[in-house]
Amino acid sequence: MRSRAVKGTYDVLPESTPAWRRLRSTTETVLGRAGVREIVPPIFEYSEIFDKSVGPSADLVVQKEMYRFEDRGGRSLTLRPEFTAGVLRAYVEHGMHTRPTPVKLWSFGPAFRAENVQRGRFRQFHQINCELLGAPGPLVDAEAIALLHDLLQALGLPDLVVALGSVGDPEDREAYNAYLREALEPREHELSDTSRERLRLNPMRVLDSKDEGDQRLVADLDTPLDRLGDAARAHLDGVAAFLDAWGIAYELAPSLVRGLDYYRRTAFEIHAQGIGAQSALAGGGRYDGLVESLGGPPTPGIGWALGVERVLDALQEAGAAPAADAGPAVFLVPMDAVAVGEAAALARRLRTDVHVEHAYTERKPGKGLRDADRAGARYAALRGAREREAGVWTLKHLASGDQREIPEAAMSAAVLEVPA
RNA sequence: GUGGGUGUAGCUCAGGGGUUAGAGCACCGGAUUGUGGUUCCGGGGGCCGUGGGUUCAAAUCCCAUCACCCACCCCA
């Protein structure tokens, strides 16, 4: 068997890296202008960090979807399945709560989940993550959503609609879960197997079921939004008011439920068309209390994560993929054995200013020009016995076919000219 | 884990019992021994996913197995 990449992993080939670079640089610009600063936490953490944050009923835990291993000292380590826990651990560890509020942090990098693969779902995948810490009010929620929206828009995804919901405060959830249990337990036998399991662990997630029977049972029930407490309701209304004021399109999602247990109040997602079943480009929410459970002071927070592969897929579908990398300003063509060395030496000197490539073996002019063409070069520069005698290179502008002889010392300037 | 689909050249895919397995694209060379893109000619490349079976004969039919893709579940 030929060696191959591990299931659920893949190689980003040179043709694709421009899209990755643009995604990253756009993120730097959009988030940077809002004062969000980059933080680079490690890719793995002590397992307790994720155990404390992710919560016992999350699928990550229930389905054993985390990559976990022991180091030589017998400590359990886990490859991050998401960013929030690690970022908040760093926030606590470095006393960042003493910094001006809110503390705004973003990250970019891989995350790992031992799931079954399909379009838009990988075992090593990448996220852009953003956390806004220390501010309790709806304004930062709205800012978080706006940043996500503006980032995706800047990348070239128009007409985005945010799905906005609320999972309420802990007491609201408790009350709502009690309501759900009361309503559903008498009819438990009518539920699907997974929903029956969820009814025990985290009843709200029954609302998520795609099983038609489940959906019929759930259809007549109150949604979490119907039973929000006054404080959570006011919070949600506040977020919505800011989004209205800023012209950001959203739809209220009455039963938007998060897969991780730590969410409070605001929850949101952005979906795309045409990229398969895994259509969530990004999702996030508020997690007041999570910092505290990681050993820090009581600290409100809200954040989101964006799936890089899904966004790139959506950009491809939208025809908004970036242009390929530019070719060299000049491609040097040695036409005899001596010129091979001359081309390499000149290339080295010119590279202090420009992108220069050259053929590595003696080339006839026809082949050399073809090489230059394929490299996407602006100019080709030929060197043979004739040029050597005169101390020049024959410089040809490939698009127009114009050519002239340039003294070697003047090559750098000549090659930087862009004829009209 | 379950269901469906697909495995033939680097890539996209034909060929569905009968001799040395094909096309397009890509790559290399020639037409053109100092002038590219187009064109023409030629070339290198294949355990036909793997193992077993049926048959005079298997890329082709049967069984098993593995891998990949899509979907369920769930999420980014």
Side-chain angles (χ1 to χ4, degrees), chain A residues 1-2 4-8 10 13 15 54 57-65 80-84 108-130 148 152 192-195 197-198 202 205 208-211 214 256-260 268-272 275-285 303-314 331 333-336 339 359 361-377 379-387 394-403 405:
Chain A
M1 193 178 73
R2 225 162 32 150
R4 50 185 309 121
V6 171
K7 187 185 185 70
Y10 62 95
L13 299 178
E15 297 71 41
V54 147
S57 70
D59 285 298
L60 283 171
V61 174
V62 176
Q63 315 285 347
K64 299 190 170 44
E65 286 175 351
R80 67 181 174 212
E82 53 122 18
F83 280 69
T84 302
F108 174 94
F112 305 84
R113 294 183 193 175
E115 295 183 287
N116 287 311
V117 303
Q118 69 187 87
R119 184 173 186 183
R121 171 184 288 164
F122 305 90
R123 291 185 175 172
Q124 176 180 334
F125 59 103
H126 297 75
Q127 290 188 333
I128 291 169
N129 186 264
C130 180
L148 173 59
L152 290 169
S192 66
D193 293 347
T194 52
S195 286
E197 176 78 6
R198 287 176 188 161
N202 188 354
R205 297 192 55 216
D208 263 354
S209 174
K210 284 170 189 163
D211 183 271
D214 293 349
L256 213 175
V257 179
R258 311 269 60 210
L260 304 175
F268 56 94
E269 288 179 355
I270 292 184
H271 288 260
I275 60 168
Q278 305 308 316
S279 61
L281 295 178
W304 47 258
L306 172 154
V308 169
E309 286 81 0
R310 292 181 188 177
V311 168
L312 292 174
D313 195 354
F331 188 97
V333 180
M335 294 192 290
D336 60 30
T361 57
E362 189 180 333
R363 297 299 262 167
K364 294 174 190 171
K367 293 293 179 213
L369 288 166
R370 198 179 62 175
D371 294 344
D373 213 35
R374 289 185 187 181
Y379 289 100
L382 308 181
R383 175 84 159 187
R386 258 173 17 213
E387 287 82 2
T394 297
L395 188 67
K396 177 164 189 162
H397 185 246
L398 290 167
S400 63
D402 296 342
Q403 77 179 44
E405 297 192 338

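Letters A, B, ... are given to chains in the order of the sequence lines, protein chains preceding strands, and every chain is numbered from 1.
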Which part of the nucleic acid, if any, lies within reach of A:Ala372 when heavy atoms closer than 4.0 Å are counted: base, sugar-phosphate only, or nothing? nothing
Rounding to an integer number of angstrom, what distance separates B:G17 and B:A58 when you compare their C1' atoms? 6 Å
What nucleic acid atoms does A:Glu387 come within less than 4.0 Å of, heavy atoms only: base, sugar-phosphate, or nothing? base
Using modelled atom types only, decide if a donor and an acceptor are shared between the side chain of A:Arg80 and the backbone of A:Pro110 within a distance under 3.5 Å. yes
Please classify the nucleic acid contact of A:Arg363 as base, sugar-phosphate, or nothing, using heavy-atom distances under 4.0 Å. sugar-phosphate
Here the distance between atom C1' of B:C75 and atom CD1 of A:Ile270, to the nearest Å, is 16 Å
Tell me what A:Glu309 touches on the nucleic acid: a base, only sugar-phosphate, or nothing, going by heavy atoms under 4.0 Å. nothing
Listed partners of A:Gln278 passing side-chain contact (heavy atoms from CB on, under 4.5 Å), at least two apart: A:Gln118, A:Arg121, A:Arg310
Distance check needed: B:U35 C1' versus A:Glu405 CD, whole Å only. 13 Å
Please state whether the phosphate of B:A76, meaning OP1 or OP2, lies under 4.0 angstrom from any side-chain nitrogen or oxygen of A:Gln127. no
If the condition is side-chain contact (heavy atoms from CB on, under 4.5 Å), which residues does A:Pro365 pass it with, not counting sequence neighbours? A:Met335, A:Leu382
Residue set satisfying salt bridge (Lys or Arg N to Asp or Glu O under 4.0 Å) with A:Asp373, at least two apart, ordered chain then number -> none
Can you tell me, in whole Å, how much space there is between the P of B:G34 and that of B:G30? 12 Å
Mind checking salt bridge (Lys or Arg N to Asp or Glu O under 4.0 Å) for A:Arg119 and listing every partner two or more places apart, or none if nothing turns up? A:Asp313, A:Glu317
Can B:G42 be described as syn, meaning its chi torsion is within 90° of 0, or is it anti? anti
Using a heavy-atom cut-off of 4.0 Å across all strands, would you classify A:Arg374 as base, sugar-phosphate, or nothing? sugar-phosphate
B:C66 and B:C47, which share atom name C1', separated by this distance in whole Å: 16 Å
Using the side-chain contact (heavy atoms from CB on, under 4.5 Å) criterion, which residues pair with A:Ala314? Sequence neighbours excluded. A:Leu157, A:Ala272, A:Ile275, A:Leu281
Measure distances between side-chain N and O atoms of A:Gln118 and base N and O atoms of B:C73, and say whether any donor-acceptor pair falls under 3.5 Å. yes
If the C1' atom of B:G53 is compared with that of B:G29, how far apart are they to the nearest Å? 46 Å
Measure the distance from CZ on A:Arg386 to C1' on B:U33 and round it to the nearest whole Å. 13 Å
Interatomic distance, A:Glu65 CD vs B:A76 P [rounded to whole Å]: 11 Å
Across the strands shown, which category fits A:Lys396 at heavy-atom distances under 4.0 angstrom: base, sugar-phosphate, nothing? base
Please classify the nucleic acid contact of A:Val117 as base, sugar-phosphate, or nothing, using heavy-atom distances under 4.0 Å. sugar-phosphate
Name the nucleic acid region contacted by A:Ala5, choosing base, sugar-phosphate or nothing; use a 4.0 angstrom heavy-atom cut-off, strictly under. nothing
Suppose you measure atom C1' in B:G43 against the same atom in B:C70; what distance do you get, rounded to whole Å? 39 Å
Measure from CZ on A:Arg123 to C1' on B:A76 and round the result to the nearest Å. 16 Å
How does RNA chain B look in dot-bracket notation if pairs are Watson-Crick or G-U with both distances under 3.5 Å, crossing ones as [ ], other-strand ones as |? ((((((((.[[[[.)..(...]]]].(((((.......))))).....[[[[[..)....]]]]])))))))....
Between the protein and nucleotides 37-39 of chain B, which nitrogen or oxygen pairs come in under 3.5 angstrom?
from, atom 1, to, atom 2, distance (Å)
B:G37, O4', A:Asp373, OD2, 3.1
B:G37, N1, A:Leu398, O, 3.4

Set of ring pair (Phe, Tyr, Trp, His ring centres under 6.0 Å) partners for A:Tyr379, sequence neighbours left out: A:His397
Rounded to whole Å, how long is the line connecting atom CZ of A:Phe112 with atom P of B:A76? 16 Å
Classify A:Leu281 by what it touches in the nucleic acid, base, sugar-phosphate, or nothing, heavy-atom distance under 4.0 Å. sugar-phosphate
For A:Val6 and for A:Gly120, locate the closest nucleotide of RNA chain B by heavy-atom distance; then report the residue assigned to the nucleotide nearer the 5' terminus. A:Val6
Protein-nucleotides 44-50 of chain B N/O pairs closer than 3.5 Å?
none

Ignoring hydrogens and angles, tell me if any N or O in the side chain of A:Glu309 forms a donor-acceptor pair with the backbone of A:His126 under 3.5 Å. yes
Has A:Arg119 got a side-chain N or O lying under 4.0 Å from the OP1 or OP2 atom of B:A76? no
Name all residues meeting the side-chain contact (heavy atoms from CB on, under 4.5 Å) criterion together with A:His271; count only those two or more places apart in sequence or in a different chain, and write none if there are none. A:Glu269, A:Ser279, A:Ala280
Heavy atoms under 4.0 Å, any strand shown: does A:Asn116 hit a base, just sugar-phosphate, or nothing? base
Atom NZ of A:Lys367 and atom P of B:U33 are separated, to the nearest Å, by 11 Å
Using atom NE2 of A:His126 as one end and atom C1' of B:C75 as the other, report the distance to the nearest whole Å. 17 Å
Angle between ring planes, A:Phe122 versus A:Tyr10, binned at 30° and 60°: parallel, tilted or perpendicular? tilted
By salt bridge (Lys or Arg N to Asp or Glu O under 4.0 Å), which residues pair with A:Arg363, not counting sequence neighbours? A:Asp371
Does A:Lys364 place a side-chain N or O at less than 4.0 Å from the phosphate oxygens OP1/OP2 of B:G30? yes
Tell me every residue that passes side chain to side chain donor-acceptor pair (under 3.5 Å) with A:Arg383, counting only those two or more places apart in sequence or in another chain. A:Glu342
Sticking with atom P, work out how far B:C69 lies from B:C62, rounded to a whole angstrom. 26 Å
